[in-house]
Amino acid sequence: MVRLGSVATLLFLLFSTALIAINDDKQVVVMSIVLFAFVFFVFLFFIYYESKQIQKELMVISKSLKNLNNIEHKIYFYTKEFEDINQNLSKVIKGAKTKRIKQKYNARLKLKNIQRASMLAAIAHELRNPIASIMGYSQTLQDDPEIPQPLQTKFLNKIYNNANKIEILLTRLMLWNKFESEETTLHKSFFNIYTLVEEAKCSLEEKYKTRKIQIEGVSCTVEADRELMEIVLKNLIENALKYSKDKVFVSVKNGSVSVKDSGVGIDSKYIGKVTKKFYRSGTNSWDNSMGLGLSIVKTILTLHKSKLEIQSKI
């Protein structure tokens, strides 16, 4: 517009100067200059109007490019060229969006397949030892009916313990699957969490007969799903028993439950990973049920709008 205005002004001045130079009739000169000025004004106004229309259409296209998800397909354009550009952009963006959705879906599907393969490998790994033990002890009992009674009892206890391992593994797996499919419903009630800790202690001390769990704190009534909270407490206390050889301390106070052990500890760089699904520490040989224990704990607490905090050092 500035360029057009400058050219128009220069032409107007040249025309006026030439008209004055070749014509002595002042009245004719003035009328001619006024008429020429009016024509230039109309011309400039028309150019200005056209440029504003083009500017609006460019802004529409710019807006469409800025907001790719909400591009307007049906817009009336003053110029056919810009309408074609907008339609072509719509097609390109729509195609790119479809491709992006497909890529996300394929990536999600690939991740699910990897997780499924990892889960199946973990299940096979966890089931192999207890099943082998059950088969071995059963075969021994079948092959030798004259085995002394104390040894038979010992073998039967081994079979029972390994079968119990399989049952715990499958229970955790089913619970994790329930969380994954978002089918979990909380059945909340009011109960004393201190009492629940005592029940978990009795259950685990019966399982780990040589270990001691010490509880301290005060009674604390909470509103939660009692069955799920029992899973949380047993998981945390049993982890402490497995990781350490000394007494495990459980504290109930100030609206929180803490479990403390004096085991080998966790490196700070791994603390964020231990609650992830299927994560297994390479530095420990004990059975952590496919690495689902702490993941289940974190999920249950999140459902209760609570959280799991881990503090540790080597």
Side-chain angles (χ1 to χ4, degrees), residues 119 122 126 164-165 167-208 211-244 247-263 265-266 270-281 284 286-312:
M119 182 181 69
E126 295 299 332
N164 191 48
K165 278 186 180 181
E167 194 274 333
I168 292 171
L169 172 67
L170 294 177
T171 300
R172 285 191 176 185
L173 189 61
M174 289 171 65
L175 186 61
W176 171 79
N177 189 57
K178 211 173 185 181
F179 290 146
E180 283 291 293
S181 57
E182 299 180 351
E183 295 176 359
T184 309
T185 303
L186 295 180
H187 300 285
K188 290 186 177 181
S189 62
F190 288 95
F191 61 90
N192 191 330
I193 192 116
Y194 188 92
T195 304
L196 189 60
V197 171
E198 289 180 319
E199 292 176 10
K201 171 193 171 182
C202 293
S203 174
L204 290 170
E205 281 186 339
E206 187 176 338
K207 182 178 178 181
Y208 298 87
R211 304 297 302 280
K212 290 295 179 184
I213 303 166
Q214 182 175 323
I215 307 174
E216 59 180 23
V218 294
S219 295
C220 179
T221 301
V222 298
E223 184 185 11
D225 188 309
R226 198 177 194 279
E227 186 179 340
L228 292 180
M229 280 300 164
E230 185 178 2
I231 292 171
V232 167
L233 292 171
K234 283 186 175 180
N235 266 284
L236 294 177
I237 297 172
E238 189 167 19
N239 272 2
L241 291 168
K242 288 177 176 177
Y243 264 122
S244 63
K247 187 184 292 185
V248 171
F249 297 88
V250 183
S251 172
V252 182
K253 58 184 178 181
N254 300 326
S256 66
V257 179
S258 62
V259 180
K260 183 179 178 181
D261 66 71
S262 54
I266 308 171
Y270 295 124
I271 287 180
K273 295 180 180 180
V274 294
T275 56
K276 292 183 178 179
K277 294 175 292 188
F278 307 119
Y279 178 79
R280 299 171 61 87
S281 171
N284 297 285
W286 51 263
D287 168 23
N288 68 348
S289 297
M290 302 186 300
L292 287 176
L294 290 179
S295 175
I296 288 173
V297 167
K298 185 179 178 181
T299 302
I300 291 172
L301 293 177
T302 301
L303 287 171
H304 284 83
K305 294 181 172 52
S306 184
K307 61 182 177 179
L308 174 66
E309 293 181 351
I310 302 174
Q311 297 174 0
S312 188

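For the single chain, residues carry numbers from 1 onward in sequence order.
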- Query: Do Asp225 side-chain atoms and His187 backbone N/O form a donor-acceptor pair below 3.5 Å?
  - Reply: yes
- State, to 0.1 Å, how close Val252 and Ile193 come at their nearest heavy-atom pair, and which atoms those are. CG1-CG2, 3.9 Å
- Query: Considering only heavy atoms from C-beta outward, does the side chain of Ile296 approach that of Val232 to under 4.5 Å?
  - Reply: no
- Task: Give the C-alpha distance, both sets of side-chain angles, the deciding distance and a yes or no for side chain to side chain contact (heavy atoms under 4.5 Å, CB included) between Leu236 and Val250.
- Result: CA-CA 10 Å; Leu236 294 177; Val250 183; over 6 Å; no
- Task: Could you pull out the closest heavy-atom pair between Glu230 and Leu196, with the gap in Å?
- Result: N-CD2, 3.8 Å
- Heavy atoms of other groups near Lys260 NZ, more than 12 under 6.0 Å: no
- Output yes when a side-chain donor or acceptor of Arg211 lies under 3.5 Å from a complementary backbone atom of Ser244, and no otherwise. yes
- Message: Taking NZ in Lys207 as the centre, count heavy atoms belonging to other residues, nucleotides or ligands within less than 6.0 Å. Is the count above 12?
- Response: yes
- Could you tell me whether the side chain of Glu216 and the main chain of Phe249 form a donor-acceptor pair under 3.5 Å? no
- Item | Sub-4.5 Å side-chain heavy-atom contact between Asn235 and Leu294 | no
- Message: Does Lys298 have more than 12 heavy atoms from other residues, nucleotides or ligands lying within 6.0 Å of its NZ?
- Response: no
- Within the side chain of Asn192, is there an N or O that forms a donor-acceptor pair under 3.5 Å with the backbone of Tyr194? yes
- Message: Counting only heavy atoms not in Glu223 (residues, nucleotides, ligands), do more than 12 fall under 6.0 Å from its CD?
- Response: yes
- Atom CD of Glu199: over 12 foreign heavy atoms under 6.0 Å: yes
- Message: Can you give me the closest heavy-atom contact between Arg226 and Phe191, atom names plus distance?
- Response: CA-CE2, 3.7 Å
- List the atom of Leu204, the atom of Lys234, and the distance in Å for their closest heavy-atom pair. CD1-O, 4.0 Å
- Note on the structure: When rounded to the nearest 0.5 Å, the distance separating CZ of Phe190 from NZ of Lys188 is 9.0 Å
- Task: For residues Asp261 and Lys247, determine if any side-chain heavy atom of one lies less than 4.5 Å from a side-chain heavy atom of the other.
- Result: no
- Task: Would you kindly say whether Thr171 and Glu167 are connected by a side-chain donor-acceptor distance under 3.5 Å?
- Result: yes
- Task: Could you grab the distance from atom CD of Glu198 to atom CG of Leu233, nearest 0.5 Å is fine?
- Result: 11.5 Å
- Item | Validation row: Lys201, Ile237 side chains within 4.5 angstrom (heavy atoms) | no
